[in-house]
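Below you'll find the structure, written out as structure tokens, and then a few comments.
Chain letters run A, B, ... following the sequence lines, proteins first, then strands; residues in each count from 1.
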Amino acid sequence: MYALTINNLKKVYPNGVEALKGINIDVESGDFYALLGPNGAGKTTAIGIITSLVNKTSGTTEVFGHNIDSEPEAAKACIGVVPQELNMNLFDTVLNIVVNQAGYYGIDRGTALKRAQKYLTELRLWDRRMDAARALSGGMKRRLMIARALVHEPNLLILDEPTAGVDIEIRRSMWEFLRRINEAGTTIILTTHYLEEAENLCRHVAIIDEGKIIENTRMSEILRKLQREVFVLNLESPLEKAPHLSGFDAILVEERELEVALDKNDSLNTLFNVLDHHGITVTSLRNKANRLEELFIRLVESRQQPLVSSGD
Amino acid sequence: MDLRLNWVGFKTLLRKEVLRVVRIWVQTIVPPAITMTLYFIIFGNLIGRRIGTMDGFDYMQFIAPGLIMMSVITNSYGNVVSSFFGAKFGKHVEEMFVSPMSNATIILGHVCGGVARGLMVGTLVTVVALGFTNLSISHPLITFSIVILASLVFALLGFVNAVFARKFDDIAIIPTFVLAPLTYLGGVFYSISLLPEFWQRVSLGNPILYMVNAFRYGILGVSDIDIIWAYMIIIAFILGLFSLNLALLNRGIGTRE
């Protein structure tokens, strides 16, 4: 059963901008799915169409088998959405915002209050329930939008950059929360500019650029496509210059920090043997850049025309 | 359509709208009461005494139903236009559009919120009016049904205005250039029998005339127009405006990209 099926979805805005050029997406029930793309790629338009906030030009969209055109009520009941921009009444209280949203989904006030308590507590907002939303910090407002999206306990949760502008501690606690929600059976679609976030959380990834899907596969598959990775090694003893490591390119960044590039077919074991041979002891290592980020940039950049002709 | 879901959605919207009116009562309830008090003092008490009687009633009694109706329709209109446009402007209208609640429920919730404010203000203005003159209700059923139906018409008009409005200026244009002139020329302060025949006929094209006169008939028992005809026009307006609003929301005009 697919949580979401999108077929040949197109959107042309009245000003002629072709935001979506016939995209196809299938998201399996229970998946944690990343929808990535540069700014203006069409991610938010796609989410707008799925959630009925944007009129499509053509194509079909089904949510758990319910067509959003012929069965909008059933389709919408399955979806919870956390939009990119704040879209709540900032003068209303935290509790009212969540309870009213439940009411719009037909949940009686008694049940809505219980659920509001559950999700506001989990998202550490219960103590602020009587405060106006405008009094909350940026991170709290984001968490409030997540609580609001969950109050009707949707089967499909769509998060459009939910952690934008949120500090790392809260971001990581939100990741844990989303993981738990996903493990409990909720399908999650995530768009984010933090590719580390997508790599950590998602099992499938689609990359959209200029209104087209340019990659759509399992996260593990896409990461396998990475041809070259750069590792940063922290050394036990300082070096004066970069050692000549047979088969590897190495740069000495600082006296105790060495950057080594590995091709897809190289193994870390071979690298460590070579380092051992040079008497170099490594105390720790990390990827120089996030792997998905490297791939993402390569995929998107390869499609872009240079801004200035190289021949000029 | 899931009736239970939409009933809960309607109650939620209505509750939210009423709480909003009550929360900001200094902006929503008090100003119209003060304005109407001034009308009663200036037009009813100071000027009215020199006018004498109209349609057999002293001038204060004659204008009281019109002023009550004027406060009801302007507040019903103002509440819906400001609430729905505010939701559009703040983007929290999306909370409703992503939900399975039907567009008809969204309209009804807002419109009934507008009617609720209209009735609250209307009640307060009636209390103020009783401080200046004696009013007894000749036809209670007509009085209450007309006030609710007229309030519905203007709440629905306010919704249309809010749907099309793109900036705050847009929600002031209709009340200033359409609603106010029609209200003042709708027989609030005079009987159209005082007008030349041509202007009497022109006045019959003003829907507010029917509402004011039907309401006046309910209270005083006198009217310039046929009551059945007034009901038919008001109900036609309600059906037409509701259908228009529904079509606008269904097509996403003014609300969806």
Original post:
So, for B/Phe168 and B/Phe89, is the gap between ring centers shorter than 6.0 Å?
Top reply: yes
**OP:** Carefully, step by step, assess A/Glu153 and A/Lys118 under the rule salt bridge (Lys or Arg N to Asp or Glu O under 4.0 Å).
**Re:** CA-CA 11 Å; A/Glu153 302 190 335; A/Lys118 176 185 168 189; 3.3 Å; yes
**OP:** Verify, without hydrogens or angle tests, whether A/Lys11 (side chain) and A/Asn55 (backbone) share a donor-acceptor contact under 3.5 angstrom.
**Re:** yes
**OP:** Please flag which part of A/Ile107 lies under 4.5 Å from any non-hydrogen atom of chain B: side chain, backbone, both or neither.
**Re:** backbone
Original post:
In terms of ring plane angle, is the pair B/Tyr184 and B/Tyr39 parallel, tilted or perpendicular, where the classes change at 30° and 60°?
Top reply: tilted
Original post:
Under a 4.5 Å heavy-atom cut-off, does chain B meet the side chain of A/Leu86, its backbone, both or neither?
Top reply: backbone
**OP:** Please flag which part of B/Arg20 lies under 4.5 Å from any non-hydrogen atom of chain A: side chain, backbone, both or neither.
**Re:** neither
Original post:
Using non-hydrogen atoms only, which part of A/Val54 is less than 4.5 Å away from chain B: side chain, backbone, both, or neither?
Top reply: both
**OP:** With B/Arg4 as the cation and B/Trp7 as the aromatic partner, state whether NZ or CZ is under 6.0 Å from the six-membered ring centre and within 45° of the axis.
**Re:** no
Subject >> Top contributor to chain B interface from A/Arg109, A/Arg148, A/Glu73 [non-hydrogen pairs under 4.5 Å] >> reply: A/Glu73
**OP:** Find the one option among B/Gly252, B/Ser99, B/Gly109, B/Gly9 whose heavy-atom pairs under 4.5 Å with chain A are most numerous.
**Re:** B/Ser99
Original post:
Is the closest basic N to carboxylate O distance between A/Glu122 and A/Arg143 below 4.0 Å?
Top reply: no
**OP:** Let me know if A/Leu53 has heavy atoms under 4.5 Å from chain B in its side chain, its backbone, both or neither.
**Re:** both
